[in-house]
Structure formats: structure tokens, C-alpha cells
Student: 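I'd like to ask some things about the structure below.
Predicted model only: the values in this text are computed from it and were never measured. Every number for a ligand or one of its atoms is a count from 1 in the order of the listing. Residues take their numbers from the sequence shown, with the count starting at 1.
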Amino acid sequence: MNQNQKIKRRTWLGGAATAAVVLVQTSFGKVMQRAVTEKETATSDPTKKLGPLPGEVGTRSPFEKLQKKPSDTSSRTPLQDLYGTLTPSDLHYERHHGGVPAIDPEKYELLIHGMVKKPMVFKLRDLKQFPSVSRIMFLECSGNYRGNKEELSPQEICGLTSQSEWTGVMLSTLFREVGVDPRATWFLAEGSDAAVMTRSIPLQKGWEDTMLAYAQNGEAIRPEQGYPARLVLPGWEGNTCVKWIRRIEISDQPFMTREETSKYTEAIGGGKIRQFSFVMDARSIITYPAYPNPVEKGWIELRGIAWSGRGRIVRVEISTNDGRSWSAAELQGPVLDKAHTGFRYLWHWNGDETAIMSRAVDETGYVQPTLKQLSDARGGNTGGYHFNPVTAWIIKRDGRVLFRPEAKK
Ligand SMILES: Nc1nc2c(c(=O)[nH]1)N[C@H]1C(S)=C(S)[C@@H](COP(=O)(O)O)O[C@H]1N2
Ligand SMILES: [Mo]
């Protein structure tokens with residue numbers, strides 16, 4: 001390659017989508033980095049030249065276009081593009097009330113005080129010295145529903161849920177350390193973001209299974225997920241899982257903060273508002289086929305995920321005839337408690353227009369409701385917090401797959 005060609009090539013590369021970085025031997029024998037474009041990757045014969053050498057961190061294939069599609073306040077997991085049930089950490093949904101704070105782990109402190117024998121401040125290294133636990137579970141924002149038009153993907157309908165393996169210390173361990181007063185019934189969790197987000201949580205949940213997590217999928221929690229430490233409350237609405245946590249105050253009553261009075265409450269008809277609806281009810285969605293990907297006539301493996309904040313998923317039922325009949329899908333084991341669970345169902349599509357849908361049932365017997373059941377229970381309201389309707393996909397004769405907001409059954 002002469003100097004001229006090299007310049008031309010660089011110019012061309014500058015205009016194309018930069019996709020990955022490889023090390024190349026230049027005409028001067030110097031190893032340098034340059035960008036590889038998709039076109040180049042696709043047209044080259046990989047057996048004819050030495051590939052990139054091992055790197056400091058791995059990269060995603062430039063052919064995989066995975067995006068969280070951020071708005072100002074949240075970003076969503078592309079459920080239709082994922083396999084299995086563990087969300088790659090960089091694709092975990094995000095919901096911030098005051099942006100992502102930058103916290104120096106050396107300066108990080110967590111204060112636990114209030115109705116305790118001994119108020120204490122824990123540094124991050126203190127937290128890591130306690131017995132650790134790891135658990136795979138989902139997080140979900142209670143505002144996880146969108147259904148206003150046909151052109152919606154699983155990501156857009158309910159992408160405010162993701163699953164990780166969380167590692168940290170049980171909150172009960174810290175409760176014992178500070179000596180929580182037996183008369184206490186609630187605690188306040190406070191974040192150190194610009195929103196200083198606060199929630200009151202029943203103490204019982206703290207004793208039961210709440211984790212103070214400092215790691216996610218094998219590495220330190222990412223800044224967006226609460227670095228260096230956050231609460232994770234298995235099965236409870238994402239809002240209670242306070243990120244960047246800096247203070248826990250033990251009390252004998254809830255604190256009535258903004259996030260549990262004006263926000264995170266839902267109308268239930270008759271002029272009534274429900275407060276402290278913590279548990280995420282069972283839900284499921286078929287992620288294949290799904291908008292925007294069309295299908296072809298013949299055998300199709302329907303795939304999706306189901307989850308419940310109440311416990312394990314015991315059954316996912318599929319209808320391929322618009323809710324007239326239902327059959328059980330196969331669940332992918334191991335089925336974990338309060339975790340995304342994969343399901344699949346083999347279907348032969350004859351090419352006629354139809355609607356396909358899934359409905360989740362959990363170990364408490366809770367059955368995922370239809371949109372009509374939900375809106376009836378809320379005096380005609382659709383949407384709002386804790387809205388988990390059966391989701392139907394219309395399969396058009398030409399193979400297009402569209403979302404249908406008004407699932408009938
Ligand atoms: N400190 C703090 N904690 C927070 C939030 C926040 O804005 N600040 N957002 C909450 C909401 S509404 C949700 S749904 C989850 C989102 O967690 P994630 O961004 O890791 O997905 O964090 C919760 N914890
Ligand atoms: Mo949320």
C-alpha cells in the first residue's frame with residue numbers, strides 16, 4: 001500500500017460508519033490502530049489475513065445493531081434482539097430522575113441510622129467484607145407500558161425491564177450490624193443523585209431478601225445502574241431499588257416522599273388512588289415474531305420471556321387464534337424465582353391473518369390479565385403504573401407483524 005492509497009483509504013473510512021478497531025501493519029512496519037468498516041469486514045476473506053490481536057476489552061460485532069433508544073429520562077432494553085434471559089450490562093434499561101452522578105468509590109459512604117442501637121457509616125470496602133450473595137433477578141420500572149400505536153416493538157412496549165446477576169451483601173446483615181430496633185416497621189432509602197431520590201420501604205422486605213448490590217454480571221455495577229452501590233428488591237417495582245444509595249433511616253412509619261405520594265401511585269376507579277403497590281405482577285411478551293420483523297409462512301418457533309415479582313413462573317399459555325384457544329409453551333429451565341423465564345412454542349402458520357399472544361401464570365396462581373380486565377379494574381383507565389396486559393401481535397397476510405393495543409381475551 002503506498003502513501004497515496006493510504007490517504008484515500010483513510011478519507012473513505014472517515015465517511016463510513018466506524019465499526020471496530022484492528023491493528024494493522026503499515027508500509028513502515030509500524031503497528032497502528034485503524035477502524036474496520038462493515039463493508040470491508042464483509043467483503044474480505046477472513047482466511048487470507050491475520051485478524052485483530054487480543055484486545056483489552058471485547059467488542060460487539062459491528063453487524064449487531066443493539067440500541068437502547070434513549071429519551072431524556074429513560075432508555076429501554078431491545079428485548080426483540082436478545083437471546084436467553086441475561087441482559088448484557090450495556091443494554092440494561094435506564095431510568096434516572098436526575099441523571100447519572102459520578103461517585104468516587106474511595107469517598108463513597110453509606111449511613112444507616114434512625115431507630116437503631118448503633119448508627120454506622122460503611123465505606124465500600126466495609127460492605128465488601130461482609131458475606132456476599134449473588135442472585136439472578138429482573139428489575140422492572142412500574143411505568144413499563146406503552147401501547148398507543150401498531151408500530152411498536154417489544155422494546156417500546158415493555159423494554160423497561162432487564163435481568164442481571166446481582167452480587168452484594170444482604171441488607172439484613174447490615175441491619176444486624178447496626179441493631180435495628182424491634183419496634184421499627186419502615187426504612188427510608190436515599191440516593192446521592194441530583195434527584196436525591198427517596199423511597200419508604202417496609203422493614204420486612206429489608207429483613208427478607210433485599211440486597212445492597214455492588215456488582216452486576218460479574219463486574220462492578222455500572223454508573224447508570226447505581227455505581228458503586230444500590231438496593232435491589234427482588235420482584236418489587238424498580239423505583240424502590242434506590243441507586244447510588246447513601247442513607248438508610250430506620251423508622252416506625254413511612255416517610256411519604258414525593259415518589260410515593262404524587263408519583264408511583266395509580267388510580268383504581270371510584271376516585272381512589274392506590275399507594276405503595278410494590279410487587280410487580282406476572283407478565284409475558286412474545287419477542288419473536290414481533291414488530292418490526294416480518295415472518296414467512298410455515299413453521300415458526302414463537303419465543304419470549306415471562307416474569308413475575310410474586311415468585312416463579314409456572315406456566316405460559318399461547319394463543320395463535322386470537323384468544324379462542326390456549327396451549328402451554330415450553331419453559332426454559334432452570335426457572336428462577338422472580339426472574340425472566342424464557343418460553344418457546346412451535347407454530348405452523350398457514351398464511352391467514354391472525355393474532356398471537358402469550359399469558360403468564362405464576363406460582364401464586366396469578367394470571368396475567370387482559371387490557372380490558374385491567375382497565376375495568378381502574379375505572380376505564382389504560383396505562384399508568386403497574387399495567388401488565390396480555391400483548392397481542394397481529395400477523396398480516398403479507399407477513400408483517402403489528403402490535404394490537406386492544407387484546408380481547
Ligand atoms: N437514586 C436513584 N435511584 C433510582 C432512580 C433514580 O432516578 N435515582 N430511578 C429509579 C427507577 S424509577 C427505576 S425503574 C430504577 C431503574 O434502574 P436502572 O436504571 O438500573 O435500570 O432505579 C430506581 N432507582
Ligand atoms: Mo421506574
Side-chain angles (χ1 to χ4, degrees), residues 68-79 82 86-103 108-111 137-146 155 158-168 171 187-201 205 210-217 219-249 255 257-266 276-281 283 307 309 340 383-388:
K68 294 206 273 191
K69 298 195 175 162
S71 72
D72 283 351
T73 53
S74 66
S75 64
R76 297 161 168 264
T77 295
L79 299 172
L82 301 184
L86 284 175
T87 311
S89 301
D90 64 347
L91 294 172
H92 195 285
Y93 84 92
E94 296 175 42
R95 174 74 184 94
H96 319 304
H97 292 73
V100 179
I103 299 172
Y108 172 81
E109 287 183 345
L110 168 68
L111 166 68
M137 52 194 152
F138 75 87
L139 272 193
E140 184 178 17
C141 179
S142 53
N144 192 19
Y145 177 75
R146 220 188 251 167
Q155 174 174 31
C158 61
L160 293 174
T161 185
S162 312
Q163 176 148 287
S164 303
E165 183 198 54
W166 298 98
T167 297
L171 194 56
F187 71 91
L188 180 81
E190 180 184 270
S192 51
D193 50 334
V196 192
M197 218 204 71
T198 43
R199 278 302 297 262
S200 308
I201 297 160
K205 184 69 173 172
T210 299
M211 273 173 73
L212 200 115
Y214 44 74
Q216 174 191 12
N217 296 335
E219 62 175 336
I221 288 185
R222 295 191 169 219
E224 313 88 63
Q225 262 68 62
Y227 185 86
R230 80 176 303 168
L231 289 186
V232 181
L233 282 67
W236 282 27
E237 64 181 12
N239 190 257
T240 61
C241 303
V242 174
K243 302 189 276 191
W244 316 292
I245 187 158
R246 70 171 183 190
R247 189 168 75 88
I248 289 176
E249 184 176 343
F255 291 74
T257 72
R258 175 180 176 275
E259 310 299 339
E260 56 211 22
T261 50
S262 89
K263 304 286 173 197
Y264 297 96
T265 57
E266 40 307 318
F276 297 125
S277 19
F278 292 121
V279 176
M280 297 308 296
D281 289 324
R283 190 165 185 182
W307 64 99
H340 285 174
Y385 299 104
H386 292 273
F387 208 69
N388 58 328

Student: Looking at residues at least two apart in the chain, or sitting in another chain, which of them share a side chain to side chain contact (heavy atoms under 4.5 Å, CB included) with A195?
Tutor: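 By the side chain to side chain contact (heavy atoms under 4.5 Å, CB included) rule, A195 matches H97, D193.
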
Student: Applying side-chain hydrogen bond (donor to acceptor under 3.5 Å, both in side chains) as the test, list every pair that has at least one member in residues 223-236; sequence neighbours left out.
Tutor: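 Of all non-adjacent pairs touching residues 223-236, those that pass side-chain hydrogen bond (donor to acceptor under 3.5 Å, both in side chains) are H92-Q225.
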
Student: Between L233 and C241, does the side chain to side chain contact (heavy atoms under 4.5 Å, CB included) criterion hold? Intermediate values first, please.
Tutor: CA-CA 6 Å; L233 282 67; C241 303; 4.3 Å; yes

Student: Heavy atoms under 4.0 Å from ligand 1: which residues qualify?
Tutor: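 Close residues (ligand 1, cut-off 4.0 Å): H92, Y93, E94, R95, H96, H97, C141, G191, D193, M197, E224, Q225, R230, G238, N239, C241, V242, K243, W244, Y264.
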
Student: Nearest 0.5 angstrom please: E237 CD to N144 CG, how far?
Tutor: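 E237 CD to N144 CG: 12.0 Å, rounded to 0.5 Å.
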
Student: Charged N to carboxylate O under 4.0 angstrom, E190 versus R246?
Tutor: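 Result for this pair is yes, salt bridge flagged.
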
Student: Using the ring-ring contact (aromatic ring centres under 6.0 Å, His included) criterion, which residues pair with F255? Sequence neighbours excluded.
Tutor: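 None.
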
